[in-house]
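Right, one structure below, let's go through it.
We're numbering straight along the sequence, starting at 1.
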Amino acid sequence: MLTPQYSIRHLLLLVTLSAVVCLVAAVAARGYLWAVALSVALLSAMALLVIQGVLYIVTRTIGMALGRRRTSATEGGKGC
């Protein structure tokens, strides 16, 4: 059975990165320009990843739906 290989080191790294992101967001709320710019950049990167994931799922679903309707001429490379 496949189990995820997470360790305490990975979880501590995730918690640390989350704390830094929250700290930058808190500094951005105070009005520091560098923190606002970094927050916008991080949110933009996250939005791009979400959009890419959604488009992948949509194109994969369309491809699977259209791929089921193959004719016998296109299967196996045997043409006319």
Side-chain angles (χ1 to χ4, degrees):
M1 176 159 197
L2 296 173
T3 57
Q5 299 294 321
Y6 297 116
S7 66
I8 294 195
R9 181 181 301 164
H10 290 116
L11 293 176
L12 286 173
L13 180 64
L14 179 66
V15 169
T16 304
L17 290 175
S18 298
V20 169
V21 169
C22 288
L23 179 66
V24 169
V27 173
R30 292 185 202 140
Y32 287 90
L33 188 59
W34 66 269
V36 172
L38 188 58
S39 296
V40 169
L42 288 174
L43 286 174
S44 298
M46 288 174 53
L48 285 175
L49 289 175
V50 168
I51 290 170
Q52 183 179 4
V54 168
L55 288 176
Y56 173 77
I57 291 171
V58 167
T59 55
R60 178 142 177 138
T61 303
I62 291 172
M64 289 175 67
L66 295 178
R68 292 183 182 157
R69 297 187 218 153
R70 291 187 177 170
T71 62
S72 60
T74 58
E75 291 179 357
K78 298 179 182 176
C80 303

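Here S18 contributes atom OG and L23 contributes atom CG; the two are 12.5 Å apart, rounded to the nearest 0.5 Å. Here the straight-line distance linking atom CG of L66 with atom OG1 of T61 works out to 11.0 Å at 0.5 Å rounding. Here the straight-line distance linking atom CG of L17 with atom CG of L12 works out to 11.0 Å at 0.5 Å rounding. Here L13 contributes atom CG and I8 contributes atom CD1; the two are 13.5 Å apart, rounded to the nearest 0.5 Å. Atom CG of L33 is separated from atom CG of L38 by 11.0 Å, given to the nearest 0.5 angstrom.
For V15, there are no side-chain contact (heavy atoms from CB on, under 4.5 Å) partners at least two apart in sequence or on another chain.
Taking every heavy atom of both residues into account, A28 and S39 meet most closely at CB-OG, 3.7 Å.
Taken together through direct or relayed side-chain contacts under 4.5 Å among Ile, Leu, Val, Met, Phe, Trp and Tyr, V54 and I62 form part of one hydrophobic cluster.
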